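Down below is the structure, laid out as structure tokens.
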Amino acid sequence: MKPYWDLDELTIKRILGIIEKCEELELENACFIYNPKLKNEVKFYMVKYDHHWNLTVIQNLEKKSDIYKFKDRSLTFEYSQHN
């Protein structure tokens, strides 16, 4: 299975930067809206666990989600689902 929303290199770089800032500030979660001017905005939710960060990418209008895991600065696609 492949993700519904493809993460490009720039988006991944930005997410890694947010993770670094969260770790610097000792925050364990963050969320943001990507492309807010699009009709179908995409929401990103990030949560820190013991040894990795989970990223959930939600497309509200299409009711689809992708789940990723960041560990040691590398990204792994886990699964997709319909909400």
Side-chain angles (χ1 to χ4, degrees):
M1 177 180 272
K2 69 178 232 169
Y4 293 118
W5 182 269
D6 289 322
L7 295 176
D8 59 29
E9 288 185 38
L10 180 58
T11 303
I12 293 170
K13 181 179 176 181
R14 288 176 176 162
I15 291 168
L16 288 171
I18 291 170
I19 288 172
E20 288 176 9
K21 186 53 94 173
C22 285
E23 290 179 350
E24 176 185 324
L25 298 172
E26 297 180 5
L27 297 174
E28 295 183 353
N29 60 60
C31 63
F32 61 95
I33 297 172
Y34 193 67
N35 291 332
K37 294 180 182 179
L38 293 177
K39 185 176 182 179
N40 183 19
E41 63 189 25
V42 180
K43 295 180 181 177
F44 288 72
Y45 295 93
M46 301 174 355
V47 178
K48 183 178 182 178
Y49 291 94
D50 287 337
H51 303 288
H52 70 277
W53 282 80
N54 267 17
L55 168 67
T56 303
V57 180
I58 299 173
Q59 299 176 66
N60 282 338
L61 188 61
E62 296 179 14
K63 298 183 180 181
K64 297 177 180 177
S65 299
D66 299 314
I67 311 301
Y68 295 87
K69 181 166 49 171
F70 281 92
K71 185 173 182 179
D72 301 326
R73 298 192 54 85
S74 62
L75 172 70
T76 305
F77 170 70
E78 298 289 304
Y79 61 91
S80 295
Q81 63 187 21
H82 285 282
N83 301 335

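It should be emphasised that the depicted structure is a prediction, and the values quoted were computed from it without experimental measurement.
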Hydrophobic cluster identity match, L27 and F32, side-chain contacts under 4.5 Å: no
I12 with I18, same ILVMFWY side-chain cluster at under 4.5 Å: yes
Compile the donor-acceptor pairs under 3.5 Å between side chains in residues 73-81 and protein atoms, sequence neighbours left out, one pair per line.
from, atom 1, to, atom 2, distance (Å)
R73, NH1, E20, OE2, 2.3
S74, OG, K71, O, 2.8
S80, OG, D66, OD1, 2.5

Minimum side-chain heavy-atom gap V57-V42 below 4.5 Å: yes
Residues in salt bridge (Lys or Arg N to Asp or Glu O under 4.0 Å) contact with K21, at least two apart in sequence or another chain: E24
Inter- and intrachain pairs under side-chain hydrogen bond (donor to acceptor under 3.5 Å, both in side chains), touching residues 43-56, at least two apart: E23-W53, H52-N54
Over all atoms of both residues, closest heavy-atom pair of W5 and Y68: O-OH, 3.1 Å
Separation between CD1 of I33 and CZ of F44, rounded to the nearest 0.5 Å: 11.0 Å
Sequence neighbours excluded, every pair satisfying salt bridge (charged side-chain N to carboxylate O under 4.0 Å, His left out) that has a member inside residues 53-63: E62-K64
Pairwise side-chain contact, K69 with L55, heavy-atom cut-off 4.5 Å (strictly under): no
Residues clustered with L10, ILVMFWY side-chain links under 4.5 angstrom: none
Pairs touching residues 3-19 that satisfy salt bridge (charged side-chain N to carboxylate O under 4.0 Å, His left out), sequence neighbours left out: none
Results of side-chain hydrogen bond (donor to acceptor under 3.5 Å, both in side chains) for Y4 - residues two or more places apart only: H82
Spatial distance of atom CZ (F70) from atom CD1 (I19) [nearest 0.5 Å]: 5.0 Å
